[in-house]
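Small disclaimer: the values here were computed from a predicted structure and weren't measured.
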Amino acid sequence: MALTLNDEDHAIVGNGIAPVESQRSTASECRRLALGLVIVICIALSWVGAVQLTKMSYSEAFSAPLFLVWLGTSWMMTLFPVASAIYFLSAPHRRFRNPEAVIYWRHCTHVFSPSGITFRSLLTSMVLFTSLWVGINYSYSRALMYASATDVATLSSSSSAFIVLLSICILKEQILILRILSVLLSCVGIVLFAYADGFQSVGAAGVLLSLVSAIGIAMYKVLLKWRVGDASIYQMTLFLSVIGAFNTVTLFPVVLLLHFTGVEILYHIPWNFVIWSSILGVIFNFLINFGIAYTYPLFISLGTLLGIPINAIIDALVHNIDLLNWKFPGAILIMSGFLILLAPPSDSLTIHKFFLKLIRWKWTS
């Protein structure tokens with residue numbers, strides 16, 4: 001949904017009135033670009049803030065990653081109400097009444113099945129995707145107990161490589177040279193991270209958990225694409241809100257069980273860190289969904305990538321973590337693999353065909 005001027009807008013040129021499609025288009029693109037830059041910065045800062053505050057919440061008195069996941073995911077219930085409010089308030093002709101509200105609701109519920117929400121479609125979707133969501137975030141949160149925020153954020157970016165592999169296997173997408181190069185760069189970067197910490201060190205546990213999170217992210221995205229296809233932003237906010245509600249109900253007994261069995265004690269909760277981490281996590285998810293609709297999808301990907309150097313600066317200046325070791329080239333390789341996948345599909349295919357022709361020419365000559 002690009003920002004555009006009204007069709008009735010005109011500009012006075014000379015002594016007459018003439019439509020200025022090119023000026024309107026330029027103004028629209030400038031606004032879209034400016035909004036995109038703001039969203040990129042907000043995505044990066046909200047992600048960095050959530051990760052750093054989660055890291056800072058851990059201490060000798062408090063280490064409860066599942067509780068943090070449960071609380072943060074529960075906040076996602078707010079996404080659909082906020083999205084719906086924006087939908088109906090952003091355009092004067094929309095009114096929250098029949099038939100607009102009914103049409104809007106039916107459109108959103110199609111994310112579960114073509115016939116809308118049914119008990120079977122709701123249950124199967126929520127069991128699968130809530131389990132993946134909780135598993136991903138639990139691995140991510142627990143990795144922060146053993147590794148720096150920069151390490152975890154960088155390694156989670158390697159999920160793009162696993163997405164390529166799973167897309168080829170499950171979605172039967174085409175094998176392209178750039179995608180294979182991205183996978184190779186990410187794999188080498190992961191090995192360098194593990195080597196820097198030592199393969200049997202405590203830091204290696206953080207690397208392993210980060211990789212589990214990255215693989216989970218890839219599985220979640222590929223299965224979501226396979227299940228719901230190209231869902232609208234309002235459909236996705238409903239989907240995420242239902243995940244939040246399902247998580248709140250089903251995971252709460254598990255949180256209590258872990259507390260009373262002494263696995264995750266909840267007596268000394270650093271509420272300032274925990275609450276703000278959850279809020280920033282919701283803001284991050286909100287911006288990811290709405291940023292795609294209001295600006296360029298490329299910007300959204302760059303927002304998460306920008307969070308890596310910001311995390312590195314904070315870790316170096318605040319936490320005195322030395323990052324100038326084998327992790328530095330590893331991070332460069334993983335980020336390069338991520339950037340390669342941002343190339344448009346048409347360009348990737350053109351490069352793929354060029355290299356195939358070059359290989360055939362070398363082979364026959």
Side-chain angles (χ1 to χ4, degrees), residues 1-3 35 38-39 42-43 45-47 49-50 53-54 67-119 121-134 136-137 220-221 224 227-252 255 271 274-295 297 300 303:
M1 190 182 299
L3 293 175
L35 180 61
V38 172
I39 291 177
C42 290
I43 286 175
L45 294 179
S46 61
W47 184 39
L53 289 172
T54 299
F67 169 75
L68 295 178
V69 172
W70 172 79
L71 184 64
T73 305
S74 297
W75 278 78
M76 291 204 311
M77 289 189 292
T78 61
L79 290 176
F80 183 66
V82 172
S84 299
I86 292 175
Y87 174 80
F88 285 103
L89 296 176
S90 61
H93 65 276
R94 295 173 183 155
R95 295 291 183 269
F96 192 72
R97 65 172 189 269
N98 289 331
E100 289 91 345
V102 173
I103 295 173
Y104 171 75
W105 174 251
R106 287 177 178 172
H107 164 75
C108 293
T109 56
H110 285 166
V111 73
F112 295 100
S113 71
S115 57
I117 291 182
T118 63
F119 178 78
S121 64
L122 182 65
L123 185 62
T124 54
S125 296
M126 288 304 100
V127 169
L128 174 61
F129 289 103
T130 303
S131 300
L132 281 172
W133 183 279
V134 171
I136 291 164
N137 286 278
Y220 177 89
K221 291 185 175 181
L224 190 65
R227 181 65 183 265
V228 305
D230 296 319
S232 70
I233 57 172
Y234 303 104
Q235 289 175 328
M236 283 311 305
T237 53
L238 174 61
F239 194 84
L240 293 175
S241 289
V242 175
I243 286 180
F246 193 80
N247 156 86
T248 303
V249 175
T250 58
L251 204 61
F252 183 65
V255 172
W271 286 111
V274 169
I275 293 298
W276 279 108
S277 174
S278 299
I279 292 174
L280 289 174
V282 172
I283 292 174
F284 172 75
N285 281 297
F286 179 82
L287 291 173
I288 286 290
N289 283 279
F290 270 78
I292 292 173
Y294 285 93
T295 186
I300 308 308

*asked:* Just so I know, are the side chains of V111 and Y234 near enough to count as touching, which here means a heavy-atom distance under 4.5 Å?
replied: no

Given the options V255, V134, T54, V69 meets side chain to side chain contact (heavy atoms under 4.5 Å, CB included) only with V134

Heavy atoms of S46 and I283 approach each other most closely as CB-CG2, 4.2 Å

Heavy-atom nearest pair, H107 first then Q235, reads O-NE2, 2.6 Å

Separation between CG (L224) and CG (L132), nearest 0.5 Å, reads 10.0 Å

*Do the non-hydrogen side-chain atoms of I279 and W75 ever get within less than 4.5 Å of each other?*
yes

task = Verify, without hydrogens or angle tests, whether T124 (side chain) and S121 (backbone) share a donor-acceptor contact under 3.5 angstrom.
result = yes

When rounded to the nearest 0.5 Å, the distance separating CZ of F246 from CG of L123 is 6.0 Å

Rounded to the nearest 0.5 angstrom, the CD1-CG distance for I117 and L238 is 5.5 Å

Is there a donor-acceptor pair closer than 3.5 Å between any side-chain N or O of S125 and the backbone N or O of L122?
-> no

d(Y220 OH, N137 CG) to nearest 0.5 Å is 9.5 Å

Correct closest heavy-atom pair for T248 and S74 would be OG1-OG, 2.8 Å

On the 0 to 90° scale, with breaks at 30° and 60°, tag the W47-F284 ring pair as parallel, tilted or perpendicular.
-> parallel

Query raised in the report: Angle class for the Y87/Y104 ring planes (parallel below 30°, perpendicular above 60°, tilted otherwise)?
Result: parallel

Taking F80's backbone N and O only, do any of them form a donor-acceptor pair with S241's side chain (distance below 3.5 Å, no angle check)?
yes

Looking only at heavy atoms, the pair that brings F112 and R227 closest together is O-NH2, 4.1 Å

Closest non-hydrogen atoms of M77 and A245, given as atom of the first, atom of the second and distance, are CG-N, 3.3 Å

Original post:
Quick one: does F129's side chain get under 4.5 Å of V242's, heavy atoms only?
Top reply: no

Residues passing the side chain to side chain contact (heavy atoms under 4.5 Å, CB included) test with V82, sequence neighbours excluded, are I86, F286

Those residues at least two apart in sequence (or on a different chain) that pass side chain to side chain contact (heavy atoms under 4.5 Å, CB included) with N285 are M76, L79, W133

Closest non-hydrogen atoms of A50 and L280, given as atom of the first, atom of the second and distance, are N-CD1, 3.8 Å

